[in-house]
Amino acid sequence: MNAILMVHYKISTNDSDTFEIWKEKMDSVIRSFNGYLSTTVLYPINNNDHHYIILRFDSREKAQQWMQSDFRRIMLEDSDTTWMTEKEEVVQQWNNFWYSNFKEVKKWKQWTITFIAVYPITLIMPILVQYLSFFWEGIVTAVLISGCMNFILMPYIVKAFKNWLSN
């Protein structure tokens with residue numbers, strides 16, 4: 001089962017060039033790491049926001065191996081990483097990604113907030129697909145719905161219902 005390593009941290013605005021150089025070094029090595037599948041980087045909208053890096057591996061064990069690798073340790077201990085603050089990391093199985101912050105979330109609550117996310121996009125996507133009907137409708141619909149769910153709706157919905165899911 002695939003696993004993800006999610007890292008979020010802040011960097012100071014005057015160190016963004018240093019961050020990009022450091023990130024390129026990390027990217028070049030991780031791409032050849034055994035079990036690595038993909039990287040998603042979410043840059044902050046405001047200067048005060050966190051950076052998020054989501055690394056996907058083919059197993060939880062490979063994600064753990066990356067976290068304990070010598071190269072990664074050296075890169076994080078490098079004196080140039082003093083620009084990185086408020087760093088947090090978590091490794092999760094891919095299927096637990098959205099609900100990873102909540103212990104023993106009731107399935108009916110997961111279903112409820114998933115319905116809240118899916119319902120509006122099932123109304124909107126067919127309209128968008130009509131305008132893009134020269135493509136294969138099924139593929140376009142699936143790509144749009146899964147993209148909206150994963151990157152737009154679920155992070156906000158889980159955040160909005162955080163207290164309710166925890167109770």
Inset, instruction - For residues Trp66 and Met26, report the shortest heavy-atom separation together with the two atoms involved. - result: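 Answer, listing the atom of Trp66 first, then Met26: CZ2-CE, 3.9 Å.
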
With a 4.5 Å cut-off on side-chain heavy atoms, are [Y] and [X] touching?
X: Phe161; Y: Thr112; answer: no
X: Ile30; Y: Phe57; answer: yes
X: Asp70; Y: Arg73; answer: yes

Side chain to side chain contact (heavy atoms under 4.5 Å, CB included) partners of [X], counting only residues at least two apart:
X: Leu153; result: Ala117, Ile121, Ile157
X: Leu37; result: Asn2, Arg56, Asp58
X: Gln65; result: Phe33, Lys62
X: Tyr119; result: Phe115, Thr122, Leu123

Legend entry - CE on Met149 to CG on Leu144, rounded to 0.5 Å: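 Leu144 CG to Met149 CE: 13.5 Å, rounded to 0.5 Å.
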
Legend entry - Value rounded to 0.5 Å, distance of CD1 in Ile53 from CD1 in Ile4: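 Rounded to the nearest 0.5 Å, the CD1-CD1 separation comes out at 13.0 Å.
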
Legend entry - side chain to side chain donor-acceptor pair (under 3.5 Å) involving Ser69 - partner list, sequence neighbours excluded: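 Applying side chain to side chain donor-acceptor pair (under 3.5 Å) to Ser69 gives none.
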
